[in-house]
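Along the sequence shown, residues are numbered consecutively beginning with 1. For clarity, every value in this text was computed on a predicted model and none was experimentally measured.
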Amino acid sequence: MSVHLWVRAEQRPNEERVGLMPDGAAALIAAGFRVTIEESRSRAVPLAGYVAAGCAVAPEGSWPDAPAEAIVFGLKELPEDGTPLRHRHILFGHAYKGQPAGRVLLERFRAGGGVLYDLESLVDENGRRLAAFGYWAGFAGAAVALKCLAAQRRGGICGPVARYAGRAAMVADVAADLAGARPRAIVIGALGRVGTGAADLCEQVGLAVTRWDMAETAHGGPFPEVLAHEVFLNCILARPGCPVFVPADAGAAPRALRVIGDIACDPTSDFSPIKVYDRVTDWAAPALRVHDAPPLDVMAIDNLPSLLPVEASEDYAAQLLPVLRGLDRIGTGAWGRARDEFLRHMG
């Protein structure tokens with residue numbers, strides 16, 4: 001039986017990305033796959049390209065009624081309606097680090113007999129992620145963090161953000177907001193994809209960047225250097241053993257720090273390295289003020305690449321396509337490892 005990949009419409013607000021471009025769909029179809037794509041009111045890539053590639057089209061949100069053998073592919077979370085999940089699903093599940101919503105998601109798979117192939121769990125033999133949105137998360141996260149600083153300096157708090165036409169428009173907007181200011185920024189995780197994107201945005205708006213990675217944080221802390229920069233951009237995923245970069249009492253400490261951009265954004269994880277906040281922010285209210293006099297704002301948006309949906313989708317889909325080609329051998333390789341990870345967390 002050929003693989004049937006069902007690309008669902010994203011159902012979360014402000015999510016226009018897609019993990020498969022029309023040229024990738026055409027390549028999979030040429031390899032013998034069936035590809036169904038749902039209609040979408042928000043997808044940044046028009047439906048016509050997928051139709052031309054040979055995809056079947058289904059109504060938006062119809063994936064619960066997809067054939068039992070279909071593999072349902074989306075990026076962000078499913079609607080939290082508690083329904084059992086009977087299909088094999090590919091998505092960012094955020095279910096393996098103790099997050100409350102993740103435990104609920106796993107119970108839905110248990111109830112329905114389905115399987116989660118978490119996109120974060122698609123790794124090579126050495127545990128390295130095979131596809132990630134990291135660069136554009138870092139780029140956009142740095143941009144929003146700097147907008148938070150600019151708003152704070154004007155005596156306010158950052159207002160709503162919206163998708164940009166492209167990276168040039170984003171850089172121009174941030175530069176205009178900063179109005180010539182040159183705050184000091186520190187990026188932790190600077191050697192990774194996320195940190196590279198964050199540092200690139202900072203440099204494109206004229207900032208000098210302190211770049212730290214594992215060597216600089218290996219001693220485990222404390223890290224007074226973080227408090228000595230106006231902007232801290234965290235690009236390290238929360239994992240067991242991750243050092244604490246900003247302790248819970250940092251707000252009251254002497255500090256130059258005014259904005260934390262938690263680009264890795266995992267505040268409900270036990271392993272979060274930033275202890276001054278406990279919930280994500282969003283496009284409507286990007287900044288969470290966690291201390292006054294002097295102010296300290298946290299930016300913790302968890303779908304940052306969606307601010308640049310076309311660039312982010314093109315980049316990610318190109319990385320993921322070689323992995324998707326292996327779905328006809330779903331019990332082996334990266335897909336087998338992702339299933340094993342799911343089964344470990346199901347207990």
Side-chain angles (χ1 to χ4, degrees), residues 3-22 24-25 28 33-47 49-50 53 55-96 99 101-102 104-106 108-109 112 114-122 129-134 136-137 163 302-307 309-310 312-321 323-327 330 334-335 338-339 341-342:
V3 174
H4 184 184
L5 187 66
W6 185 289
V7 182
R8 61 178 171 85
E10 298 294 329
Q11 291 169 268
R12 121 174 223 167
N14 301 319
E15 187 51 80
E16 301 182 24
R17 292 175 295 168
V18 62
L20 181 69
M21 299 295 285
L28 293 178
F33 287 47
R34 293 174 59 202
V35 180
T36 297
I37 187 147
E38 291 186 358
E39 298 167 322
S40 170
R41 288 162 289 181
S42 59
R43 190 182 295 122
V45 181
L47 185 67
Y50 296 96
C55 297
V57 177
E60 182 168 353
S62 61
W63 59 265
D65 300 317
E69 80 282 357
I71 301 170
V72 180
F73 175 31
L75 296 176
K76 299 301 283 185
E77 59 267 32
L78 301 168
E80 294 181 358
D81 57 12
T83 54
L85 297 170
R86 61 188 181 89
H87 293 93
R88 294 170 292 176
H89 280 263
I90 303 169
L91 74 152
F92 287 105
H94 302 296
Y96 298 158
Q99 303 97 324
V104 174
L105 178 67
L106 293 179
R108 293 172 66 190
F109 277 107
V115 177
L116 168 63
Y117 293 89
D118 195 303
L119 287 163
E120 281 195 12
S121 299
L122 292 176
R129 290 267 300 274
L130 292 169
F133 279 103
W136 295 106
R163 67 162 288 185
D302 66 358
N303 63 332
L304 286 161
S306 303
L307 290 164
V310 176
S313 294
E314 289 171 346
D315 180 28
Y316 186 77
Q319 298 174 55
L320 189 64
L321 181 60
V323 192
L324 291 174
R325 289 178 183 272
L327 279 172
I330 197 168
W335 297 107
R339 186 173 190 273
E341 180 84 348
F342 167 74

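With a 4.5 Å cut-off on side-chain heavy atoms, I71 and Y117 do not count as touching. Contact annotation: the side chain of I90 approaches that of L119 to within less than 4.5 Å [non-hydrogen atoms, C-beta and beyond]. Under the 4.5 Å side-chain criterion, counting only non-hydrogen atoms from C-beta, L28 is not in contact with V3.
The heavy-atom pair separating A95 from L105 by the smallest distance is CB-CD2, 4.4 Å. Contact record, A9 with S40: CB-CB, 3.9 Å, taken as the closest heavy-atom pair. Residues C55 and A25 share a closest heavy-atom pair of SG-CB, 3.6 Å. Across all non-hydrogen atoms, the minimal contact from N303 to P13 is ND2-O, 4.0 Å.
Listed by chain and residue number, F109 satisfy the ring pair (Phe, Tyr, Trp, His ring centres under 6.0 Å) test with F342 (two or more places apart in sequence, or in another chain). With sequence neighbours left out, E60 forms a salt bridge (Lys or Arg N to Asp or Glu O under 4.0 Å) with R41. Scored by the salt bridge (Lys or Arg N to Asp or Glu O under 4.0 Å) test, E314 finds no partners at all (sequence neighbours excluded). Scored by the side-chain contact (heavy atoms from CB on, under 4.5 Å) test, P309 finds E16, R17, A44, R163 as partners (sequence neighbours excluded). Judged as a ring pair (Phe, Tyr, Trp, His ring centres under 6.0 Å), and not counting sequence neighbours, F73 has no contacts. Taking the salt bridge (Lys or Arg N to Asp or Glu O under 4.0 Å) definition, one finds that R86 meets it with nothing, sequence neighbours left out. Contacts of A66 classified as side-chain contact (heavy atoms from CB on, under 4.5 Å), with partners at least two apart in sequence or in another chain: W6, A70, H87. Residues meeting the side-chain contact (heavy atoms from CB on, under 4.5 Å) test with Q319, sequence neighbours left out: A131, R193, D315. The salt bridge (Lys or Arg N to Asp or Glu O under 4.0 Å) search around R88 returns none, not counting sequence neighbours. In this structure, the side-chain contact (heavy atoms from CB on, under 4.5 Å) partners of S121, at least two apart in sequence or on a different chain, are Y96, D118, A338, E341. Applying the side-chain hydrogen bond (donor to acceptor under 3.5 Å, both in side chains) test to E10 and every residue at least two apart in sequence or in another chain returns nothing.
Separating the CH2 atom in W63 from the OG1 atom in T36 is a distance of 15.0 Å, to the nearest 0.5 Å. A distance of 4.5 Å separates CD1 of I37 from OH of Y50, quoted to the nearest 0.5 Å. The distance from atom OG of S62 to atom CD of E38, rounded to the nearest 0.5 Å, is 4.0 Å. Atoms CG and CG, on L320 and L20 in that order, are 8.0 Å from each other to the nearest 0.5 Å. Note that CH2 of W136 and OG of S313 are 11.5 Å apart. Values are rounded to the nearest 0.5 Å.
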Review item, side-chain donor-acceptor pairs of residues 74-82, under 3.5 Å, at least two apart:
| residue | atom | partner | partner atom | Å |
| --- | --- | --- | --- | --- |
| K76 | NZ | D302 | O | 3.0 |
| E77 | OE1 | R12 | NH1 | 3.3 |
| E77 | OE2 | R12 | NH1 | 3.0 |
| D81 | OD1 | T83 | N | 3.1 |
| D81 | OD1 | T83 | OG1 | 2.8 |
| D81 | OD1 | R108 | NH2 | 2.9 |

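Surrounding CZ of R339 are at most 12 heavy atoms belonging to other residues, nucleotides or ligands under 6.0 Å away.
Put simply, the side chain of W335 gets close to the backbone of V323: a donor and an acceptor are under 3.5 Å apart.
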